[in-house]
Amino acid sequence: MKDIKNITKNQIFWPITALLLVLLFNLFFTPGFFKVEVKDGHLFGSIIDIINRGSPLMLLSIGMTLVIATGGTDISVGSVIAISAAVAASLVGGEMIFVEGVQEYVTLVPMPIAILATLVVAVLLGLWNGTLIAKLGIQPIIATMILMVAGRGIAQLITAGQIITIYYKPYFFFGGGYLLGLPFAIFIVGIVLLIIMLLIKKTALGLFIQASGCNASASKYTGIYVDRIKLIVYTLSGLCAGIAGVLISSNIKSADANNAGLFIELDAILAVAMGGNSMTGGKFSIPASIVGALVIQSITTTIYSIGVPPEITLVVKAVVVIMICLLQSEEFRKLFANTSWLQRRNTLENKISN
Amino acid sequence: SKPASAPAPAADAATQTAETKPEEAKPEEAKPAEAKQLVVGYSQLGAESEWRTACTNSVKGEAETRGIDLKFSDAQQKQENQIKAIRSFIAQKVDVIGVSPVVESGWETVFKEVKDAGIPLVLVDRKADVPEDLYVCFLGSDFKEEGKRAAEEMATLLNGKGNIVELQGTVGSSAAVERLDGFKEVIEAKYPDIKIIKSQTGDFTRAKGKEVMEAFLKSDGKNIQGLYAHNDDMAIGAIQAIEEYGLKPGEDIKIVSVDAVKGAFEAMIAGKLNVTVECNPLLGPQFFDVCESIVAGQPVEKYIPSEEGIYRQETAAADLPSRQY
Amino acid sequence: MKGENILLTMKNICKYFTGVKALINVDFTLRQGEIHALMGENGAGKSTLIKVLTGVEKLDEGEIQLLGEKVQPKSTHEAQGIGISTVYQEVNLCSNLSVAENIFIGREPMKFGKIAWKEMHKRAKMALEKLDVAIDVTQTLDSYSVAIQQMVAIARAVDVDAKVLILDEPTSSLDKKEVEKLFSIMTKLKKEGIGIIFVTHFLDQVYAVCDRITVLRNGEFVGEYQTKELPKVKLVAKMIGKDYEELNAAIKGDEHKENKKDFTQEVFLEAKGLGKKTEIEPYDVTIYKGEVLGLAGLLGSGRTEMARLLFGAVKPDEGEMYIEGTKKNIITPLQAIKSEIAYCPENRKADGIIPDLSVRENIILALQSKRGWMKYIKRSEQEKIADDYINLLSIKTPSAEKMVKELSGGNQQKVILARWLLTQPKLLILDEPTRGIDIGTKTEIQKLVIEFANQGMSVIFISSELDEMLRTCSRMVVLRDRVKIAELTEDELETNVIMNTIAGGN
Amino acid sequence: MKTKFQTKFIPIFITFLLLMGLLAFGSLKYTGFFSLQNFFNLLIDNAFLLITAVGMTFVLITGGIDISIGAVIALVCMLSANLLQKGWNAFVVMVLMLVVGAVFGTGMGIFITKFKMQPFIVTLAGMFLARGLCYVVSIDTIIIDNPVYVAISQSRINIGTGFVSWSVVIALIVLAAAFYVLHFSKFGRRIYAIGGNEQSARLMGLPVDQTKILVYTLNGCCSALAGIVFSFYMLSGYGLHTVGLEMDAIAAAVIGGTLLTGGVGYVLGTLLGVLTQGSIQTLIMFEGTLSSWWTKIAVAALLCLFILIQRVFTLVKTKKAKPI
Ligand SMILES: Nc1ncnc2c1ncn2[C@@H]1O[C@H](COP(=O)(O)OP(=O)(O)OP(=O)(O)O)[C@@H](O)[C@H]1O
Ligand SMILES: Nc1ncnc2c1ncn2[C@@H]1O[C@H](COP(=O)(O)OP(=O)(O)OP(=O)(O)O)[C@@H](O)[C@H]1O
Ligand SMILES: [Mg+2]
Ligand SMILES: [Mg+2]
C-alpha cells in the first residue's frame with residue numbers, strides 16, 4: 001500500500017503514465033503501430049519513428065529543463081536550431097557535384113570542423129542570452145525573444161533565403177543513420193543526457209541550479225554565484241539547440257532557415273511541463289522532461305497515423321494536452337478521490353504511518 | 001519560354017537603392033519630359049520559402065536594372081504589417097504600389113485609402129477579394145489551375161487508377177486551399193478510380209513533409225501509389241521518407257508537386273520525382289512593365305497571367321541549367 | 001467559566017501531514033477580553049493550530065465554534081469575514097506595495113468610487129503612530145527592515161475590527177520599547193472585549209500580559225492554566241515534558257550570566273572606513289579572535305547593514321578591510337566564506353531558507369559553495385552531517401529529506417544556523433539568530449556560541465533582546481541612525497549604560 | 001511625493017524619452033515621417049495590440065502569463081465573420097464575442113487556480129484550442145461585408161489635419177478604464193498584491209482565486225475586444241490571423257516596465273511599449289530597402305538597443321534597479 005503511494009509521489013510517475021496511455025490508445029486504434037521489423041539491418045516502425053523524430057525535442061527539453069529550473073525560459077531555441085542548421089549546411093556544402101557524370105560527395109570544409117564550428121556558434125548564442133539575463137538583468141523571456149526574432153533573420157542571411165540542400169552523405173548519419181539497429185540520433189541524446197546527468201548528480205551544479213531557482217536571494221547569501229549559474233544554463237540550452245539543429249538538418253538533408261525549429265520552443269517548454277516540472281523554478285527532473293518530450297512526439301505521430309483531418313489536429317492536441325496536465329494536477333485527482341473510499345484510505349494511512 | 005532577365009543579388013540591390021537619391025536620377029532611357037525617377041512601393045508578404053525569395057530577388061533586381069526607386073517592405077507573413085506598409089507608402093507619396101497579399105480578404109479599407117490618395121495599385125502573384133475598381137490589375141498565377149494541371153499529370157502517371165496521399169500546404173493559406181480544390185475537382189469529375197486516402201498538412205516544409213509521409217507509410221504502406229504535394233519542398237522531404245521505408249520514389253509511388261524549384265529538378269534527374277507544375281516567381285520584369293505603362297498613362301489588362309510550364313522527368317536534365325531559383 | 005463569556009472553542013482538533021502528526025486531539029478555549037498564550041517548543045504545533053483555525057490548512061478532525069456557532073473557514077478571507085484577524089509567524093506582506101496599502105489592502109477607504117489615497121495614507125500613519133513607528137507610509141514595504149515589517153503586520157491586524165486577534169510570534173525581532181507599545185495596545189483591545197491569542201517564546205512577555213496559558217507538546221494538548229497559578233519553572237516543565245529538577249538547571253542556565261570575558265588580543269578582522277552611501281556611514285571596527293562582539297541599536301539603526309558590508313552581501317563604496325593583517329577585497333559572499341566568515345541573515349524567509357530543498361541540502365549548501373561546485377560532498381557524508389546537526393541543534397523533523405518549508409519556524413531557523421556552523425568559520429556573524437527559537441534550544445545555542453568562541457572563533461552577535469546580548473557579549477558596538485556612535489568594553493556592559501548610549505543621552 | 005515619483009517612475013520616464021528619441025530620429029531621416037497622420041497611424045495600426053496588451057498587463061502583474069491571446073483574436077474574427085455571413089445582427093455578434101472571450105478566459109482561469117496548473121501550459125492548450133477551432137469554422141478566409149462593420153471600419157474621426165479610427169477611441173477608453181481599475185479600485189490593488197506575493201495575499205485574507213479568475217476573464221474580454229477591433233481593421237476572419245501576437249503584447253508590457261515575475265506593471269507603460277514597437281516597425285518601413293532577414297534583424301536589434309539603453313539608464317538613476 002505504502003509502496004504504491006510512494007511510486008505515485010515520484011515525479012516521473014505521471015509522465016510515464018501519460019506516455020503509456022497514449023501508447024495504449026494506439027494499441028487499440030492504430031493498426032500496426034507497434035509493429036517493429038528489421039529492414040536494411042535496422043529496426044523499423046512507428047515506435048522507432050517516435051524516437052527518431054523526438055530526438056531533437058528531447059535534446060531541447062534537457063536544456064530547457066535547466067533553464068526553467070533557474071526560473072527562466074528560453075524561447076530562442078527554435079532560432080538557434082535554424083542558425084546552427086544553416087551554419088552546418090553551408091559549411092558541409094550545398095552543391096551537387098558531378099565528376100564525369102557520377103555524383104561526388106565533397107564537403108566545403110571537413111565535417112568535424114563544420115560540426116565543431118556549428119556547436120561553437122550555438123554556444124556563443126547561448127552565452128549571448130545568458131549575458132543579457134545574468135549580467136544585465138533583462139527578463140529571460142524578453143532577452144531570448146531578441147534572439148528568437150533576430151536569429152531567424154540571421155539564419156536566412158546565412159542561407160540567403162534559400163533552402164540549402166546537403167549532398168554530403170556522411171553527414172546524413174547523425175539524424176538518419178542507425179547504430180546497433182537503433183537510430184543514431186537517440187545515441188546522441190543518450191550521450192548528452194549522460195554528460196548532463198553526470199554534471200548534475202556528480203557535482204554540485206544540480207544543487208546550485210535548484211537553489212538559485214528556488215530562492216535566488218538566499219542562494220547568494222550561501223555563496224552561490226547565481227548569475228554564473230544562469231550563464232551556464234543558457235549556454236547549455238544553446239548547445240542543446242545547436243546539436244538539435246545538426247540532427248534536424250542531417251535528417252532532412254537540408255537547412256531551411258524559415259521553418260527549421262519553428263515554434264519548437266513551445267513544444268520544448270510543454271515537454272518540461274508535461275514532465276511535471278515547476279515553471280517557476282526549483283526542483284527539476286530531466287528524465288521526466290524527456291518522457292514529456294516523448295509524450296508530445298507520440299501524440300503528433302498518433303495524429304498523423306490515425307488520419308485526423310488537418311483542420312482539427314490542433315483541437316485534438318489541445319484536448320490531449322489538457323487531459324494529461326489534469327492527470328498531473330493533484331487538485332483534480334482529489335476531486336475524483338473525494339468523498340470516496342480513497343480519501344478515507346488516505347487519512348487512515350496517514351494515521352497508521354504516523 | 002521564360003522571361004529572360006537575370007536578377008542581381010538581393011543585398012546589392014538593397015544597398016544601391018538606399019544610396020540612390022531622387023535627384024541623381026539615371027541619365028535615362030526614353031522617358032518623356034523631366035527625368036523624374038519612378039518611385040514604387042512594394043509590399044511583399046514575407047520570405048517563407050525559396051520561391052518567395054526568388055520572387056523578391058526578381059523584383060529588386062529588376063528595379064535596380066531599370067533605375068527605379070523601390071520602397072520594399074517585407075511583412076513577415078502578417079497582414080497587419082502589409083496594411084501598415086501600404087499606409088507608409090501613402091505617406092511617402094510613391095507613384096505606384098505593388099502588393100502580394102498574404103491573404104485574400106480584408107483589404108478594402110486600406111485599398112480605398114490608396115485610391116483616395118490617387119495612387120495606382122497592382123496586385124502581384126496573389127489575388128485580393130476587393131471590388132475591381134480598387135486595383136489596376138492583377139499579375140500572377142492561378143493556384144487552382146495548378147491544382148488541376150497536377151491532377152491531370154497524376155492521372156496520366158497512374159493510368160487513371162490508384163490510391164494517392166496528399167501533403168497539403170499550411171492550413172488556410174490560399175495556395176493550399178486552391179491547389180487542393182483544383183486537384184480534387186478534376187479527380188472527382190474525371191477519374192473515379194483514383195482515391196485520395198490520406199491528406200494532412202506538411203506546412204510547406206521538408207521536415208513536416210517527411211514526418212507526415214513517414215506516418216502515412218507506416219499506416220498505409222504498400223497501398224499508396226501516388227503522392228501529390230502542394231510544393232516541391234514537401235515532396236523532397238517525402239521522397240526521403242519513401243526511400244527510408246524501402247520503396248522507390250518516382251516508381252513505386254508516383255509523385256507530382258508544384259513550384260518547380262531547383263531541388264525538384266535535381267530530384268527528377270535522380271528519377272525520384274515525376275512531375276512538377278511550375279509556379280513562376282520571376283515576376284519583376286512583368287511588374288515593372290506594368291508600372292511604367294500605368295505611369296505613362298497606357299491602358300493595361302485587368303489580369304495578366306504569369307507564364308508557367310510543366311516539367312517532367314524526361315527533360316529535367318536539360319532544363320536544370322537554365323533555372324534561376 | 002461563565003458560558004456567555006466564551007468566544008471561541010476548538011475541540012478535538014487533529015491535523016496530519018505526511019509522516020507527521022502535527023495536532024492530536026487538541027482543545028483550545030478563548031474567552032472574551034482575555035489574552036491567551038499558546039506555548040510549546042519548536043514544532044509543537046502552535047502555528048498549525050492557528051492555521052487550522054484560520055482556514056489556511058484544512059483540519060482533518062475536530063470542531064471549531066465561534067460564539068457558540070460551528071464555523072469552518074476555508075480561507076483567511078473567510079476567517080476575516082467571521083472576525084478573526086491574524087498575524088502569522090513569518091512576515092506575510094506584499095513587499096511591492098506601499099506600507100499604507102499593506103495595512104489597508106482589502107478594506108481600502110473609498111470615495112466617489114475611487115480609493116481615497118490621501119485618507120488611506122493618513123489613517124495608515126495614525127495606525128503606525130499608535131505603535132510609535134514614524135515612517136513614510138508611501139514607500140514600498142521592501143525598503144524597511146524586518147522589524148518594521150513586523151510592526152506593519154501588527155498594525156494591520158490590530159486596525160481590523162475583529163473579535164479574535166491572533167499574534168504568532170509577533171515580537172521575535174522587536175526590541176523592548178516596541179514590545180511594550182504592543183502590549184499596551186493589546187491590553188486596550190482586551191478591555192474592549194476582544195480575545196487575543198498570543199504565541200511567543202519569551203516567558204517574561206507571557207507573564208507580563210497573558211491571563212491564561214495553553215501548552216502544547218508534540219502536537220498534543222498538555223493543559224490550560226491560569227497564568228497566576230503556573231510558575232515559570234512549571235510552565236517550562238509542561239512544555240518540555242521533563243521533570244522538575246533537571247529543569248531548574250535549565251532555567252538557571254537561562255538566567256545565568258554567561259558572557260565570555262577572556263579572549264586574546266589577536267586581531268581577526270579590521271575594517272577601516274567601511275561604508276556605503278544611504279545604507280551606513282563609514283565605520284571602523286576591529287574584531288579580535290575568540291571574542292563575542294555585540295551590535296546594539298534601535299530598529300533600523302544599521303546593525304544589519306554593518307554586518308552585510310562585512311560579509312560582502314553589499315558592495316562598499318569606500319573603506320578597506322584587513323583579515324589577519326592582510327588586505328582583503330570582499331565584495332561577494334563567496335569571498336567572505338572563503339575568508340572564513342559566515343553570516344546568518346535576519347530574514348530567514350527571504351534570505352535564509354531555500355524552501356523546496358530538503359533539510360539536508362539546506363544544511364550543506366554553504367559548505368558546498370565554500371568547497372566549490374566540482375568537489376561535491378558525497379551523499380553519505382551529507383547524510384551524516386545532516387543527522388549530526390539535527391541532533392546537535394535538536395531540529396524537529398521526521399527525516400533529513402523533509403522539505404525545509406515544511407518545518408516549523410523555529411526549526412527552520414535552526415537549519416540555517418546549522419548551515420553556517422558547518423562551515424566552521426573564524427568569524428560568525430549572527431543576525432537575530434534566536435528568532436523564534438524556544439528557550440530550551442536558545443540556551444543551547446548561546447552555550448554553543450560561547451564554546452566556539454572559546455575555541456578561538458570570533459562572533460558578531462546582533463539581537464533585539466538586550467538580555468541575550470548581555471549574556472553572551474564581551475564587547476559591544478552601538479549604532480544610531482546608521483552611524484557607529486560608541487564601543488563599550490566589558491565593564492561598561494550594563495543595561496542602563498547601553499540603553500543610555502542607544503538613546504543618545506550621556 | 002516628489003522623491004517617490006523619481007524612483008518609481010524613472011523607468012517609464014526613460015522609456016518615454018527613448019520613444020521620443022526614436023520618433024525624432026525617424027522625422028529627421030525620412031521625409032513624410034514627421035506628420036500628425038503618421039503618428040495617428042501608429043495608433044490606428046496598433047489599436048488592437050494596445051487593447052490586448054492592456055489585458056496582458058493585468059495577467060502579468062498577477063505573475064501569470066497568457067499566450068493564447070493571438071489565437072483568441074483569430075477565433076473571434078473567424079466566428080464573427082462566420083456569424084455575420086449568416087446574417088446575424090452586428091451588435092449581437094459583438095456582444096456574443098465578448099461573452100466568448102470572457103468564457104474562454106474564465107475557463108483558463110479556473111484551470112489555473114482551481115487545479116493549480118501552470119498558466120503557461122493552460123494558455124498554450126488554450127492557444128491550440130482557439131486556433132484549432134478557427135479551422136473547424138473554416139479553413140478559408142471569410143470576408144466580412146456586414147454594413148455596420150464596414151461603416152465602422154471606414155469611418156474616420158477628424159482631428160486637426162489628421163484622422164483616427166473608432167478603434168483608436170475604443171483602445172483609449174480601454175486604457176483609461178484599465179488605469180482606473182489598477183490604481184483606484186480595490187480589485188486593481190488586489191492584483192498587485194497577488195503578484196507581489198501570492199501566499200501573503202492569501203494570508204492577508206484577499207480572495208486570491210476569485211481575483212485571478214477574474215483577471216483571466218478580463219483578459220479574455222480584452223482579447224475578444226481586440227478581436228472585434230481587429231475585424232474592423234481586417235474585415236475578414238482567417239485562421240492564421242495574429243500568429244505570435246502574444247509575444248508582441250508581452251514585449252510591449254515588458255518594455256513599459258512590467259515585471260514577468262509579477263507585482264509590478266503600469267498600463268501607461270504598456271502604451272509606451274506598444275508605441276515603441278509600432279515606431280520600430282514604421283521606421284523599418286520607411287527605410288524601405290530591407291530584405292526579409294534584415295527586417296527581422298533590424299527589428300530585434302532596435303528592440304535590443306532600446307532595452308539596453310533603458311536598462312543602463314535605469315541602473316544609473318535608481319540604485320535598486322528591478323530587472324526589466
Ligand atoms: N506543510 C507541512 N507539511 C508537513 N509538515 C508540516 C507542515 N507544516 C508544519 N508541519 C509540521 O508540523 C509540526 C508543527 O509545526 P508548527 O509550525 O505548528 O510548530 P510551531 O509550534 O509553530 O513551532 P515554532 O515555535 O517553531 O514556530 C512540525 O513538526 C512541522 O514539521
Ligand atoms: N524608522 C525608519 N525609517 C526609515 N527607514 C528605516 C527605518 N527603520 C529601518 N529603515 C530602513 O531599513 C534599513 C535596514 O536597517 P537595518 O536592518 O540595518 O537596521 P537594524 O539595526 O538591523 O534594525 P532591525 O532591528 O530592524 O533589523 C535601513 O537602511 C533603513 O533604510
Ligand atoms: Mg510556529
Ligand atoms: Mg537587523
Side-chain angles (χ1 to χ4, degrees), chain A residues 2 5-6 8-9 11 69-71 197-229 231-233 277-285 330-331 334 338 343-354, chain C residues 14-22 24 60-61 219 308 311-313 332-338 341-345 347-358 360-379 382 398 403-405 416 419-420 423:
Chain A
K2 214 170 166 198
K5 237 188 125 186
N6 278 342
T8 62
K9 277 258 161 66
Q11 193 189 330
T70 63
M197 287 307 274
L198 279 179
L199 259 181
I200 277 164
K201 296 282 174 190
K202 292 294 162 193
T203 75
L205 194 62
L207 182 64
F208 286 179
I209 290 175
Q210 287 179 5
S212 315
C214 211
N215 185 346
S217 167
S219 304
K220 281 182 193 147
Y221 277 100
T222 60
I224 297 172
Y225 286 130
V226 175
D227 48 358
R228 267 186 222 172
I229 297 286
L231 206 62
I232 291 175
V233 294
N277 293 295
S278 155
M279 302 305 286
T280 45
K283 287 260 176 201
F284 65 90
S285 157
E330 207 168 307
E331 276 68 22
K334 261 189 215 154
N338 232 347
Q343 195 199 17
R344 239 172 299 139
R345 198 199 67 186
N346 275 349
T347 17
L348 253 162
E349 237 172 68
N350 267 321
K351 277 185 201 166
I352 296 163
S353 65
N354 277 316
Chain C
C14 297
K15 175 74 202 170
Y16 310 110
F17 294 110
T18 31
V20 182
K21 290 189 272 188
I24 313 145
D60 290 328
E61 274 166 50
R308 274 155 48 90
F311 188 61
T332 67
L334 188 59
Q335 288 167 343
I337 294 171
K338 291 225 161 116
I341 302 177
Y343 172 59
C344 179
N347 190 344
R348 70 161 165 261
K349 192 175 164 196
D351 305 328
I353 60 164
I354 317 275
D356 285 337
L357 295 193
S358 67
R360 165 180 56 82
E361 286 164 326
N362 265 284
I363 290 179
I364 61 131
L365 207 51
L367 180 65
Q368 181 66 65
S369 46
K370 187 177 177 183
R371 289 202 187 164
W373 66 278
M374 291 292 283
K375 297 197 194 104
Y376 193 40
I377 305 168
K378 273 211 291 295
R379 178 71 186 241
Q382 291 187 11
M403 277 197 268
V404 81
K405 70 175 175 193
I416 301 180
R419 173 191 294 167
W420 292 110
T423 60

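Residue numbers start from 1 in every chain, and the chains themselves are labelled A, B, ... in the order their sequence lines are given, proteins ahead of strands.
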Nearest atoms (heavy-atom pairs only) where C:L365 meets A:A211: CD2-CB, 3.9 Å

Gap separating the SG atom of A:C214 from the NZ atom of C:K405, nearest 0.5 angstrom: 7.5 Å

Side chain / backbone / both / neither for C:R379 at chain A, heavy atoms under 4.5 Å: neither

With a 4.5 angstrom heavy-atom cut-off, could you sort out which part of A:S278 is near chain C: side chain, backbone, both or neither? neither

I need the residue from A:G282, A:A218, A:A216 with the largest number of non-hydrogen atom pairs under 4.5 Å to chain C. A:A218

Would you mind telling me which of C:P345, C:A350, C:G372, C:A342 has the largest number of heavy-atom pairs within less than 4.5 Å of chain A? C:A350

Looking at OG1 of A:T222 and NZ of C:K370, how far apart are the two atoms once the value is rounded to the nearest 0.5 Å? 13.5 Å

Tightest non-hydrogen contact, residues C:Y376 and A:K202, listed as CB-O, 3.3 Å

Highest number of heavy-atom pairs under 4.5 Å with chain A: which of C:K338, C:M374, C:E361? C:E361

Heavy-atom neighbours of A:E331 CD exceed 12 at 6.0 Å: yes

With a 4.5 angstrom heavy-atom cut-off, is it the side chain or the backbone of A:F208 that approaches chain C, or both, or neither? side chain

Would A:L199 and C:W373 count as a side-chain contact (heavy atoms from CB on, under 4.5 Å) if you check the C-alpha gap in whole Å, the side-chain angles of each, and the deciding distance to 0.1 Å? CA-CA 10 Å; A:L199 259 181; C:W373 66 278; 3.8 Å; yes

Using 30° and 60° as the class limits, which term best fits the ring planes of A:Y221 and C:F311: parallel, tilted or perpendicular? parallel

Separation between CG of A:L207 and CD1 of C:I377, rounded to the nearest 0.5 Å: 8.5 Å

Heavy-atom proximity to chain A below 4.5 Å, by part of C:R308: side chain

Region of A:K283 in contact with chain C, defined by heavy-atom distances below 4.5 Å: side chain

Residue pair C:D356, A:Q210: steps toward the side-chain contact (heavy atoms from CB on, under 4.5 Å) verdict: CA-CA 9 Å; C:D356 285 337; A:Q210 287 179 5; over 6 Å; no

Between C:I416, C:I364, C:I337, C:L367, the one whose heavy-atom pairs under 4.5 Å with chain A are most numerous: C:I337

Between A:N215 and C:D351 (side chain of the first, backbone of the second, donor and acceptor by atom type, cut-off under 3.5 Å), is there such a pair? no

